[in-house]
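Everything below concerns the one structure shown next.
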Number of protein chains: 2
Amino acid sequence: MHFPDTLDFLLHQVCHLHHHRVRQVFESLGLYRGQPPILRILWDEEGLTHNELALRLHVTPATMSRTLQRMEKAGFLMRKPDPADQRVSRVYLTGHGRAVQEQVQQALQRIEADTFAGFTAEELTILRGYLERIRGNLWRATEEKDPC
Amino acid sequence: MHFPDTLDFLLHQVCHLHHHRVRQVFESLGLYRGQPPILRILWDEEGLTHNELALRLHVTPATMSRTLQRMEKAGFLMRKPDPADQRVSRVYLTGHGRAVQEQVQQALQRIEADTFAGFTAEELTILRGYLERIRGNLWRATEEKDPC
DNA sequence: CGGTATTATTTAGCCGGCTAATCATTAGTC
DNA sequence: GACTAATGATTAGCCGGCTAAATAATACCG
């Protein structure tokens, strides 16, 4: 690398490697990066609408629609129309979607253990604070409609 | 959110928001998220091969090939065959690719300022250390060929 | 009640990630 | 020199992001 790492580029690299690690760990379960967070929500609460899921995970309805399609096709969940509103469809787990819970939780713990290996409890607390501040910073920055 | 944020999910959210911010800031320059790092390298050193660029940025040749195609089409760079080896093509900036340097640098500084707003110099040093450790952790984890 | 506005989901197309396969070129070996 | 192995770039297809547009259903207002 010919130019020194900016902190921002370092964050970019961490993101890239994190994505790669997630991909690697979930591959054998037939799950892709965007899918485990959806399962986590549904294990806790089935019957949510597409929109509710999209809002929870801060992605667009278009993204959610497509991911849910793929997960339904892969057998993790099913979508049923809401009897009270024909525009709405609600999302429910299949048996397979429920059956993978233990494995997915273990996979998530594995990723977390890998990512933060060697950090003391105090360091993890400090790091959490830093990441929360960064999240807040970025959230505010993207919400301000740029005049440029 | 019905389950508490794990640190890992917090990192996931930071990545997502960071991507979004980068997208937002570069939109007006006609650049997409993966493209500014390529320009940064080329401002410093033109004539690199596809493979060299891919290795520098830790992406696959397929990804680099496609991104370069798009950037050439958008007018930022051009690719020329290497006279010594017909498999190789080398990447050079166009006038436009050079002309946007100042604006791109400013955009990058803007993202950095937004992301780390409110951090003291000491905190930034600690954060850098943490991110470097995380990068190393993830790098090692992905390189180990998982037996699972 | 009729007309307009809003909403929920989907599709198309762009982007950057990946893997796998392909093709032409080059390197290596006998 | 002939053959095989390796290499560089590309394409196809999958994924998750986005925006824009579309369609059908529902809400709202006069």
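- Of the candidate nucleotides C:dG17, C:dT10, C:dG16, C:dT10 has the atom nearest to the side chain of A:P61.
- The distance from atom NE2 of A:H18 to atom CD1 of A:I111, rounded to the nearest 0.5 Å, is 6.0 Å.
- Not a single donor-acceptor pair under 3.5 Å links the side chain of B:T49 to the backbone N or O of B:V88.
- In this structure, A:Q13 contributes its side chain and B:R135 its backbone to no donor-acceptor pair below 3.5 Å.
- Between A:Q35 and D:dC15, a side-chain N or O to OP1/OP2 separation shorter than 4.0 Å is absent.
- Between A:T63 and D:dC18 there is a side-chain polar atom (N or O) within less than 4.0 angstrom of OP1 or OP2.
- One can place NE2 of B:H18 at 13 Å from P of C:dG17, the figure rounded to the nearest angstrom.
- Position along DNA chain C of the nearest nucleotide to B:P83 versus B:G34 favours B:G34 as the more 5'-ward residue.
- Here the nucleotide nearest the side chain of B:N51, chosen from C:dA8, D:dA9, C:dG16, is D:dA9.
- Nucleotides of DNA chain C nearest to A:V88 and A:H20 differ in position, and the one nearer the 5' end is that of A:V88.
- For D:dC18, one of the phosphate oxygens OP1 or OP2 lies less than 4.0 angstrom from a side-chain nitrogen or oxygen of B:H16.
- In this structure, NE2 of B:H19 is placed 12 Å from P of C:dG16, rounded to the nearest angstrom.
- Among the heavy atoms of the strands lying under 4.0 Å from B:T67 are primed sugar atoms or P, OP1, OP2 only; no base atom is included.
- At whole-Å resolution of the value, CG in B:L68 and C1' in C:dG16 are 12 Å apart.
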Please evaluate residues A:R21 and A:Q24 with respect to the criterion side chain to side chain donor-acceptor pair (under 3.5 Å), reporting the C-alpha separation (whole Å), side-chain torsions for both, the decisive distance (0.1 Å), and the verdict. CA-CA 5 Å; A:R21 185 67 186 135; A:Q24 203 176 35; 2.5 Å; yes
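- Here C:dA8 presents its P atom at 9 Å from CD of A:E52, a figure rounded to the nearest Å.
- With salt bridges taken as basic N to acidic carboxylate O contacts below 4.0 Å, none links A:E46 and A:K80.
- Here the P atom of nucleotide D:dA9 and the CG atom of B:L53 are 9 Å apart, to the nearest Å.
- The OH atom of B:Y32 sits 18 Å away from the P atom of D:dG17 (whole-angstrom rounding).
- Residue contacts for B:H50: at a heavy-atom cut-off of 4.0 Å it reaches the sugar-phosphate backbone alone, with no base atom in range.
- A donor-acceptor contact under 3.5 Å links the side chain of B:R87 to the base of D:dT7.
- The side chain of A:R79 contributes an N or O atom lying less than 4.0 Å from OP1 or OP2 of C:dT10.
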Write down the protein N/O and nucleotide N/O pairs, taken from nucleotides 1-5 of chain D, whose separation is under 3.5 Å; answer none if there are no such pairs.
none

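- A parallel orientation is assigned to the rings of B:F9 and B:H12, their planes being inclined by less than 30° (bins at 30° and 60°).
- For the OP1/OP2 pair of C:dC15 and a distance below 4.0 Å, the side-chain nitrogens and oxygens of B:R70 include at least one atom meeting the criterion.
- Atom-to-atom, NE2 of B:H12 to C1' of D:dG17 comes out at 11 Å; the value is rounded to the nearest Å.
- For A:R66 and C:dT11, the shortest distance from a side-chain N or O to OP1 or OP2 is not below 4.0 Å.
- A heavy-atom distance below 4.5 Å is not found between the side chains of A:Y32 and A:T67.
- Under 3.5 Å, the side chain of B:R90 and the base of D:dG8 form no donor-acceptor pair of N or O atoms.
- Map B:E27 and A:R23 each onto its nearest nucleotide of DNA chain D; the residue landing nearer the 5' end is A:R23.
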Carefully, step by step, assess B:E112 and A:T6 under the rule side chain to side chain contact (heavy atoms under 4.5 Å, CB included). CA-CA 8 Å; B:E112 180 131 2; A:T6 62; 3.4 Å; yes
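- Applying the 4.0 Å criterion to OP1 and OP2 of C:dT9, one finds that A:S65 has every side-chain N and O outside that range.
- Checking the phosphate oxygens (OP1, OP2) of D:dG8, no side-chain nitrogen or oxygen of B:Q86 falls inside 4.0 Å.
- Taking every side-chain heavy atom of B:T49 into account, D:dA9 is the closest of D:dA9, C:dT10, C:dA8.
- Side-chain contact between B:L48 and B:V91: absent, with no pair of heavy atoms (C-beta onward) separated by less than 4.5 Å.
- One cannot find a donor-acceptor pair under 3.5 Å joining the base of D:dG17 and the side-chain atoms of A:R33.
- Comparing A:D85 and A:V59 along DNA chain D, the residue whose closest nucleotide (by nearest heavy atom) sits nearer the 5' end is A:V59.
- Closest to the A:Q69 side chain, of the nucleotides C:dT10, D:dG17, D:dC18, is C:dT10.
- Residue B:L31 contributes atom CG, which lies 17 Å from atom P of C:dC14 at whole-angstrom precision.
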